[in-house]
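Worksheet for the structure shown next.
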Amino acid sequence: MTPYQPHQIEAKWQARWQETRAFAVGAGDDRPTFYCLEMFPYPSGKIHMGHVRNYAIGDVIARYKRMRGFAVLHPMGWDAFGLPAENAAIKHKLAPDVWTRANIADMRGQLGRLGLSYDWGREVATCDPDYYRWNQWLFLRLLKKGIAYRKNAKVNWCQDCHTVLANEQVVDGACWRCDNPVQARELEQWSLRITDYAQELLDDLDTLSEWPERVVAMQKNWIGRSTGVEIAFDLEGAEGPLAVYTTRPDTLMGVTFVSVATDHPVATAAARSNPELARFVESCREHAVSEAVLETMEKRGMDTGVVAIHPLTGDKVPVYAANFVLMGYGTGAVMAVPAHDQRDFEFAKKYGLPIRVVIQPDGASLDPATMTLAHTGPGAMVNSGAFSGLASEPGREAVADALERAGRGVRKVNFRLRDWGISRQRYWGTPIPVVHCEQCGVVPVPDDRLPVLLPTGVTLPETGSYLAQSPAFYETTCPSCSAPARRETDTMDTFIDSSWYFARYTCQNTPQGAANMVDRALADRWLPVDQYIGGIEHAILHLLYARFFTKLLRDEGLTAVSEPFKRLLTQGMVIKDGAKMSKSKGNVVDPEALMARYGADTARLFMLFAAPPERDLEWSDSGVEGAFRFIRRVWALMERVPAPGAVPADLAGDLPDACKALRRTTHRTIAKVTDDIERSYQFNTAIAAQMELVNAMAAFSADWAEGAPDAPRGAVYREAAEALLALLCPFAPHVAEELWERIGGQGLVGARPWPEADAAWLVSDMVTVVVQVNGKLRDKLELPVDADEAAARAAALASDKVLPFLEGKAPRRVIYVPGRLINVVV
RNA sequence: GCCGGAGUGGCGAAACUGGUAGACGCAAGGGACUUAAAAUCCCUCGGGGCGCGAGUCCCAUCCGGGUUCGACCCCCGGCUCCGGCACCA
């Protein structure tokens, strides 16, 4: 008996797959298509368990779909730009491109050793000029359309990374990458008008029926649509009118003051003639570290001396500059209704401003003098002139109508989503393809001069941007007037790279791909991605940007689809000792060590068996042992399989009971595994079912372990073995192929059609029917599958385990579920 | 605070549209093989009571109610944990 030697057979089959280009898909293939994609990795140099899990899941799906007769596109590549390369470059005195290329080579090898079924002919690396040139090409299109634009804006600045961060990249007030507190800075920045697409990005979420609900919810939340009214307040003592935004026009009559952001023009203007106010505004600027920190800050404000005139009543109310009003949302000014907004309430209490109740909740009578909390819920409008008596909900519309009629307001939709700031003051990214000319201003680099190449082989400075310090890069001439000019030295956010790579794979390394960012015909063939798989941590960032870019590509005519990913699977984290595996926690298990000890098949099998894909996976050394044991068990059982010629091919005729039982198990396992994969990717139970089949095969074959089976048993056993290897193939492909070859199978098992369960063998003649009395289990009966109710009832009532519970009473009711149970109610 | 998700043996988990709770695996205990160990194989394995025993009864899916012949599953109320958002007007 040959022992199971994973490394030997894994190397053998990986080489075989590579030689035969087993996973390449090309033109002229008329099978139905399936595009299976896992999020491509950042080439850090070493894969981690999260990668192994992610890619194992994707590989099962890809291999399964192939066996189901699909032409499967399953590519892999590298999200190769980014900060770690720069940090490593400074640390190891290596150019970022050199470091990155070496890492890619290492990781390609590691992924290869996992036996993943990629079409490597389509590999992309985002740091290739042939890739990032298209970032630049698209940027120029967006610039022309006004979707890419430049603005002076308050930005999130990370001191450590020495660069700007998008809102999505600020987590709890800190940098998503290095965890340092983010500072607010005023900077000239390139941005993309993702807000132009806010409504579409929101609406299309409803078409993503095969996305996890929570991801959809998180994106909805992030986009944050609200409907309200923008109201104009005339001003005394300042240039007016002042626009405020509110979602509660029904509370308009309760306005007792107006709050503006400290950097609102009204506040800034008033501060010019009011030193005290100027000091206040200045102190707020110092404190305005980040939006997230504002939350914990005390609410402070100061009267600007400006007076606002209520648009409907003509009442005069003061205008306050308040530190909690955000300039970036709505109009930067809000009408304050202390009785019905908690912040305004606290603010009014602190500064002794009047509180006016205009909404009375059902069955209560609010008194401003005794209120301790604002009433933010619904109620009836009071003290509201003509509106009094209306319920607050319809009141909202009535007030909005009145404002619109009076020309004092207009209904408006607001989004929480902000434009995407994409400038990064870093080296290792896509150069933004524009030139700054004193005469001509911002001039796009012409298409025929793309790509604007990033210099390679460089030595980075300890601080600051290499490009901004490199005259060889930034000194250029204006494409328009040829005068000396300065090249833009900001690079693009690396999230741009990953926002369209899935589309690039469809034409990568084809003649069409050489000429186009995305080839329309090839995109039409493959997009959208049928199955996308990755970590939940990208629920907003990457997945929102990719959706946005898909719409941009569509509007450029590069694809017909509006959504990139038809079905999304977000796999859980790999946990050890109760925490996510991380270097800082010191609880990492190295996949390379795991593979060195047990091989790739064991690593894959354990990852897939220990938990369903969506759930977090608890690492277990002994669980890995278990997976290894299972493979060895399969290995040993295959020694007992008779050669194809040694058994009758036809299994017809009457079989001994034991043979019938094994056939039923075989076909039920096929049905179960297929259903588990098809229905919800329950790989853990799919593997459990295979283990059950293996247990049955072991018992069945125990008595001929040393000899040979008779013909019917040999044939039934061979059928089971062939089915098992086919079912196992997506999960543990190397050992499945090796054993397939050893039992004399034709070709690659992975290239064969997926086994079909024979419906005739899914049912047996006799079934166990549970007998309950008043819903409690009392007996189990073996009954023919097709037993009718009368027969079942008679058998149940005759049972001596049932009789005592009837206490001599006649059954009041009998519920019979054929093939399952009979419940006698007394 | 708002929005999601989860809570089942010692552990990871399973249980289809309400129908045998705990499949499968891990750990543990016992046994076989062995000079011994590893490996492998077999048996037991939610808790408790009664019984010499075959057995048998009760309790048990976070807690409390409800619907139902029957609830891990549906409904109402609560608790705990995890994730996201959070001065967004």
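Below, read A as the first sequence line, B as the second, and so on, with proteins coming before strands; counting in each chain starts at 1. All values below were derived from every heavy atom in this structure, side-chain atoms included, with hydrogens, water molecules and symmetry-related copies excluded.
- In a base pair of the Watson-Crick type (N1 to N3 plus N6-O4 or O6-N4) or a G-U wobble (N1-O2 and O6-N3), with each distance short of 3.5 Å, B:A89 is matched with no nucleotide.
- Neither OP1 nor OP2 of B:A15 sits under 4.0 Å from any side-chain N or O of A:Arg820.
- Candidate nucleotides B:A89, B:C24, B:U20 were compared by shortest atom distance to the side chain of A:Val770, and B:U20 ranks first.
- No hydrogens or angles considered: nothing links the side chains of A:Arg813 and A:Asn823 as a donor-acceptor pair under 3.5 Å.
- B:C41 is paired with B:G31 under the criterion used here, namely a Watson-Crick or G-U wobble arrangement in which both key atom distances are under 3.5 Å.
- Rounded to a whole angstrom, the distance from the C1' atom of B:G53 to that of B:C59 is 24 Å.
- Between the side chain of A:His340 and the backbone N or O of A:Gly254, no donor-acceptor pair lies under 3.5 Å.
- Taking side-chain N and O atoms only, A:Arg225 has no distance below 4.0 Å to OP1 or OP2 of B:C88.
- Separating the CG atom of A:Asn774 from the C1' atom of B:U68 is a distance of 13 Å, rounded to the nearest angstrom.
- Residue-level contact check: A:Val824 touches neither bases nor backbone, having no heavy atom under 4.0 Å from any strand.
- Put simply, A:Asn684 has a side-chain N or O that comes within less than 4.0 Å of OP1 or OP2 on B:A14.
- Aromatic ring centres of A:Phe628 and A:Trp635 lie farther apart than the 6.0 Å criterion allows.
- Taking syn as a glycosidic angle within 90° of 0, B:G49 does not qualify and is anti.
- Here the side chain of A:Arg343 is nearest to one of B:A27, B:A86, B:C88, namely B:C88.
- Between A:Phe257 and A:Tyr320, the ring planes are perpendicular. Angles over 60° get that label, and only those under 30° would be called parallel.
- Rounded to the nearest 0.5 angstrom, A:Leu662 CG and A:Thr669 OG1 are separated by 9.0 Å.
- One finds no side-chain N or O of A:Arg214 lying less than 4.0 angstrom from the OP1 or OP2 phosphate oxygen of B:C82.
- Between B:G66 and B:C73, the two P atoms lie 14 Å apart (nearest whole Å).
- A salt bridge links A:Glu397 to A:Arg411: one of the charged nitrogens lies within less than 4.0 Å of a carboxylate oxygen.
- The pairing partner recorded for B:A23 is none, the criterion being a Watson-Crick or G-U wobble arrangement whose two distances lie under 3.5 angstrom.
- B:C41 and B:A27 have their P atoms separated by 13 Å, with the value rounded to a whole Å.
- Comparing the same atom, P, in B:C87 and in B:G70 gives a spacing of 50 Å after rounding to whole Å.
- Comparing atom distances between the A:Gln772 side chain and each of B:C87, B:A23, B:U20 picks out B:U20 as nearest.
- In this entry the distance linking CG of A:Leu541 with C1' of B:G84 reads 12 Å, nearest Å.
- A close approach under 4.0 Å does not occur between any side-chain nitrogen or oxygen of A:Tyr245 and OP1 or OP2 of B:C88.
- One atom, CE of A:Met691, and another, P of B:A14, lie 14 Å apart when rounded to the nearest Å.
- Taking atom C1' on both B:U61 and B:C72, the two are 5 Å apart, rounded to the nearest angstrom.
- Toward the 5' end of RNA chain B, the nearer of the two residues A:Met327 and A:Asn221, judged by each one's closest nucleotide, is A:Asn221.
- Residue A:Arg812 is out of contact with every strand shown, counting any heavy-atom pair closer than 4.0 Å.
- Taking the side chain of A:Glu692 as heavy atoms from C-beta on, and the options B:C88, B:G5, B:A23, the nearest nucleotide is B:A23.
- In this structure, A:Gly224 and A:Phe609 both approach RNA chain B, and ranking their closest nucleotides by distance from the 5' end singles out A:Phe609.
- Considering only side-chain N and O atoms, A:Gln682 lies under 4.0 angstrom from the phosphate OP1 or OP2 of B:A15.
- Each of B:G5, B:C69, B:C88 was ranked by its minimum atom distance to the side chain of A:Ile815; first place goes to B:C69.
- Judged by distance alone, the side chains of A:Thr195 and A:Asp419 do bring a donor and an acceptor atom under 3.5 Å apart.
- Computed from coordinates, the A:Leu821 CG to B:A21 C1' distance equals 14 Å when rounded to whole Å.
- No hydrogens or angles considered: a donor-acceptor pair under 3.5 Å links the side chains of A:Tyr329 and A:Ser226.
- Neither OP1 nor OP2 of B:A60 sits under 4.0 Å from any side-chain N or O of A:Lys776.
- In terms of heavy-atom proximity, A:Leu252 sits nearest to A:His310 at O-NE2, 2.8 Å.
- Per the geometry, NE2 belonging to A:His264 stands 13 Å off C1' belonging to B:A89, to the nearest Å.
- Separating the CG atom of A:Leu543 from the C1' atom of B:G83 is a distance of 16 Å, rounded to the nearest angstrom.
- Taking only side-chain nitrogens and oxygens, A:Arg778 comes nearer than 4.0 Å to OP1 or OP2 of B:C58.
- With B:C69, B:C87, B:A13 as the choices, the nucleotide that has an atom nearest any side-chain atom of A:Arg615 turns out to be B:A13.
- Within 3.5 Å, no donor on the side chain of A:Arg633 pairs with an acceptor on the base of B:C41, nor the reverse.
- Summarising the geometry, the separation between CG on A:Asp676 and P on B:C16 is reported as 11 Å, rounded to the nearest angstrom.
- Applying the 4.0 Å criterion to OP1 and OP2 of B:G25, one finds that A:Asn695 has a side-chain N or O inside that range.
- Here the nucleotide nearest the side chain of A:Thr768, chosen from B:G70, B:U20, B:C88, is B:U20.
- When the C1' atom is compared between B:C50 and B:A14, the two are found 32 Å apart, to the nearest whole Å.
- When heavy atoms are screened at a 4.0 angstrom cut-off, A:Gly330 is found touching no nucleic acid atom at all.
- Across all strands shown, B:G83 forms a Watson-Crick or G-U wobble pair with B:C3, both key distances being under 3.5 Å.
- Separation of the P atoms belonging to B:G7 and B:C63 is 13 Å when rounded to the nearest angstrom.
- For A:Val817, whose side chain is taken as the heavy atoms from C-beta onward, the closest listed nucleotide among B:C85, B:G19, B:A13 is B:G19.
- Base-pair partner of B:U61: not found among the strands shown (Watson-Crick or G-U wobble, both distances under 3.5 Å).
- Nucleotide B:C74: paired with B:G66 (Watson-Crick or G-U wobble, both distances less than 3.5 Å).
- Annotation: B:G9 and B:G22 have their C1' atoms spaced 7 Å apart (nearest Å).
- In this structure, of B:C88, B:G70, B:A39, it is B:A39 that holds the atom nearest to the side chain of A:Arg632.
- Judged purely by atom type and a 3.5 angstrom limit, A:Ser392 uses its side chain to pair as donor or acceptor with the backbone of A:Gly379.
- Residue A:Lys780 has its side chain nearest to B:U20 when only B:A89, B:C24, B:U20 are considered.
- The side chain of A:Arg248 contributes no N or O atom lying less than 4.0 Å from OP1 or OP2 of B:A89.
- When rounded to the nearest whole Å, the span between CG of A:Asp616 and P of B:G83 equals 10 Å.
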